There are 2 protein chains.
Amino acid sequence: MTVTSADVARHAGVSRSTVSQILNGHGHRFPASTRDRVQAAASELGYQPSAAGRALVRGASDIVVALIPDMTVGPTLQEFLNGLTDDLARHGLTLLLRLASASPESTERMITGLRPAAVMSMLPVSPRLRECIEGLGVRLVEPGRPGDRDVNVEIGYAQALHLIERGYRRVAYACLRDKRQDIFAGQREQGVARACERHGLPRPEVVRLALCVDEAIAQLRALETGTAVACYNDDVAAALLGGCRELDLRVPRDIALAGTADTPIARLSVPAITTFGYALGPAVSEASREIIDALSGDGHLPAFPPGFEIRLVQGGTT
Amino acid sequence: MTVTSADVARHAGVSRSTVSQILNGHGHRFPASTRDRVQAAASELGYQPSAAGRALVRGASDIVVALIPDMTVGPTLQEFLNGLTDDLARHGLTLLLRLASASPESTERMITGLRPAAVMSMLPVSPRLRECIEGLGVRLVEPGRPGDRDVNVEIGYAQALHLIERGYRRVAYACLRDKRQDIFAGQREQGVARACERHGLPRPEVVRLALCVDEAIAQLRALETGTAVACYNDDVAAALLGGCRELDLRVPRDIALAGTADTPIARLSVPAITTFGYALGPAVSEASREIIDALSGDGHLPAFPPGFEIRLVQGGTT
DNA sequence: CGCCTTCGGTGACGCGTGTCAACCTGTACT
DNA sequence: AGTACAGGTTGACACGCGTCACCGAAGGCG
C-alpha cells in the first residue's frame, strides 16, 4: 500500500541508506549511474517520504503553520497564502493554516505535538504562545519589527495623503467600535495621523462605530461639514455612505470617504467608494525566502516581510 | 527540553509501556493508584506526546485536514471551523486548514506525506485527489450525498419561497458569470427552481453578471418590471441594487432583491437588502461526531453534515 | 610488497510511540 | 501441595527515516 524508502532501495538494487542519502542532497558522494537508478526507482514507485518518520528522526517536521487572524480571508490574503504554499512546497515545506481564534490551549498542544519547522503569524502572538513556541526551539515569523515597513501604517498614510491632495483640510479617521474586529486599526490610525502631521494638519479626529447605518448617522451628526474620512475598511465607508444618504449629505462635497481593501462593496456602492487596495504578491517570495533562510542557516528570527503594493481605486466619494 | 513518555515513566516510577497504556485509554487494567501517579506525573511535567512518534507507529497522524474552498472565509465559516477545531481537539485530533486552491500536486504530496486521520472537504474533491486520498486509506468527509439536506439548495429554496410569499409571480435567479467564484450556484439555482415548481410558477430565468454596476444595468434592462430576483449572494444583490438606482427603478416595487449570506453589505445598503443568513453552529457537533465515529469504528465514509439554520433578515428590497 | 587514500556503499543506531505476548505475584480452588 | 487464574506490570518489537562510523576494493606511491 505505502511505498517506503526500503521499497525504493530494493527496486534500485541498493541499500536503504543509499536511497536516503541520494534523496536528501548527499548525492554527490555517489556516481551518476547510482543516482539515476535511485531517482528513477523513486519516481517510478511514486515514493513520498513519510512526514512522521522524517519528523521523528530530525526532531522537527516539515510543516509550517500559518496563524490566520480573526478576520475575513478575502482574495488578497488567499492569494498570498496560495503563493506561499506553493513556494514552500518547492522547498519541501508544507504550509498549513490555523485560525488564531481557536482556543489557545489547543493551539499550544498542536505546536508542541507537531513541532512545526516554523510558525508564521500575521499578528503579534500572545506572550504565552511565544514562550511556548520559542521554548520548543521552533522558528517564529512575526510581523515586522519597529522600523520595518508596515503595510497598515502605509495604507492609512496613503488614504490621508490622497484626501489631503484632493484639497480636504479636515481629516478624520473612522474605525470599528468593537476592537476585536479591528486588529489593524492602531497602525492605520497611526498612518493617517502621520500624514496629517507632515502636512501641517491637526491630529485627526477618531470616530468609532458599529457596522450599521444608525450608528453612522449618529457619528456623522457630530462631524463638521467638509470633513474627509479615512475609513478602516470599505464596510465602514459604506456605513457612513448610507448614513450620508439618510441625512441628505452630499458625497463627496459635504463628506468625503476613503475606504480600504478594495472589496466588492466599494465598487457596488453608488457612488463607488474611493478605496485603497493592496496586493501582497511581492511578499510571497520574500516570506518564503525568509522562512527558508531561517530554517537552513541558524540565522536570526525573520520578520514578516514588508513586500506589498498599495494602489488607489478612484471612486466617487473623494 | 522535550518531555517524553520515558520521562513520565521515570517520574512515576513505572515502565514506559505502563504510561503509554494508561494515557491511551487502557487504564482499566491498572489500579487507581497507578493511574493517578501516572496522570499526575504527566501533567506535572507537561507531557505532550510527539505527533510524529504516534503517527509513525499508528500509520496515521492525529491531524484532520480541512480543505477550504476558494471563497471568502467570513465569520460564519470561521466560527464553524473554530468550533470544529476545539471539538476535535477534545478528542485528541488536530484540525489544520488548507486552501483548496493551492496546487493539486502539493496538496497531494501533503496528504501522502502527512497521512492525516481524515480529510474534510467543503466541496466535492477532484476525482484525482479522491483517488489519492482513498488509495491511502485516509477517511474522506465530503458534502452530503444526494438525498441529504443541502444547505445551498435550501437557501435557494428559502429565498424563492420568501419572494413568492411576498406576492411576486415572476422570479429570476442571478449569479456570477465567472463560475469559479460561483461554487454553490448550481445548488442554489436548483433550490430556487424547486420552489417555483412547487408553487406553479414557470422555471426561473437565470441572469449571469460580473460584479459591477454596469453589468447589472445591462441585465436589468432585459428583465421585466415586477420581477423578484433571488441572488447568489449579497454582492450580486448589491450590484443589482446599484443598477436599479442608476436606471431609476424603484426597489422593491419594480425589482425585488433577495441576497444570501447576511454580510455587512446587505445591512449597509440603502435600502437594506433582504438577505438569508445561515449559521453552521449546529453542524459543528455533527461534523465532529461524524469524523470521530468514522475514525473509531470502521464505518462508512461520513458525509458533510447537514446541520444548519437559515434565517431571514428582512430588509427593504422585498 | 606494504601503506595510505579515495570512492562507493552499507549496517546499525536512535528518534518516541503503541501494542502485545510474556511474566510475576498473590489468591482461590481442587 | 499443586494447579488455575486473575490482576498488575514489563520488555521487546515495529513503525520509516536520517546519519555516521565503518568497510571493501581499487588505485597511487614509496
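All of these numbers come straight from a predicted model, not from anything done at the bench. We name chains A, B, ... by the order of the sequence lines, and we start the count at 1 in each one.
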Contact between B/Val38 and B/Gln21 at the side-chain level, heavy atoms closer than 4.5 Å - yes or no?
no
Side-chain touch B/Pro116/B/Val64, heavy atoms, less than 4.5 angstrom
no
Would a 4.5 Å heavy-atom cut-off, applied to side chains only, mark B/Arg90 and B/Asp87 as touching?
yes
Collect all protein-nucleotide pairs involving nucleotides 23-26 of chain C in which both atoms are nitrogen or oxygen and the distance is under 3.5 Å.
none

Give the minimum heavy-atom separation between A/Arg35 and A/His28, together with the two atoms involved.
NH1-CA, 4.1 Å
Residues 42-52 of chain B side chain polar contacts: donor-acceptor under 3.5 Å, at least two apart:
residue : atom : partner : partner atom : Å
B/Ser43 : OG   : B/Gln39 : O            : 3.4
B/Ser43 : OG   : B/Ala40 : O            : 3.3
B/Ser50 : OG   : B/Ala52 : N            : 3.2
B/Ser50 : OG   : B/Gly53 : N            : 2.9

Taking all non-hydrogen atoms of both residues into account, name the closest pair between A/Ser106 and B/Thr85 and its distance.
OG-CG2, 4.3 Å
Minimum heavy-atom distance between A/Arg115 and A/Leu136, given as atom pair plus value
NH1-O, 3.4 Å
Mind checking whether B/Leu67 and B/Leu129 have side chains closer than 4.5 Å, heavy atoms only?
yes
Between A/Ala41 and A/His11, which heavy-atom pair has the shortest distance, and what is it?
CB-ND1, 3.6 Å
With sequence neighbours left out, the residues meeting side chain to side chain donor-acceptor pair (under 3.5 Å) with A/Arg58 are none
For A/Ile22 and D/dC17, give me the distance from atom CD1 to atom C1', rounded to whole Å.
16 Å
For DNA chain D, determine which residues of residues 107-115 of chain A have any heavy atom closer than 4.0 angstrom to one of its atoms, and list them numerically.
none
Report the distance from atom NE2 of A/His26 to atom P of D/dC17, rounded to the nearest whole Å.
16 Å
Answer yes or no: is there a side-chain heavy-atom contact under 4.5 Å between A/Gln78 and B/Ser101?
yes
If I compare all heavy atoms of A/Asn152 with all of A/Gln187, which pair ends up nearest, and what's the gap?
CB-CB, 3.6 Å
Would you mind building the protein contact string for nucleotides 8-16 of chain D? One character per nucleotide, 5' to 3', B for base within reach (heavy atoms under 4.0 Å), S for sugar-phosphate only, - for untouched.
SBBB--BBB
Taking side chain to side chain contact (heavy atoms under 4.5 Å, CB included) as the criterion, tell me which of A/Leu99, A/Leu81, A/Ile68, A/Leu96 meets it with B/Leu97.
A/Leu99
One would report the end-axis bend of the helix from C/dC1-D/dG30 to C/dT30-D/dA1, five pairs per end and rounded to 10 degrees, as 70°
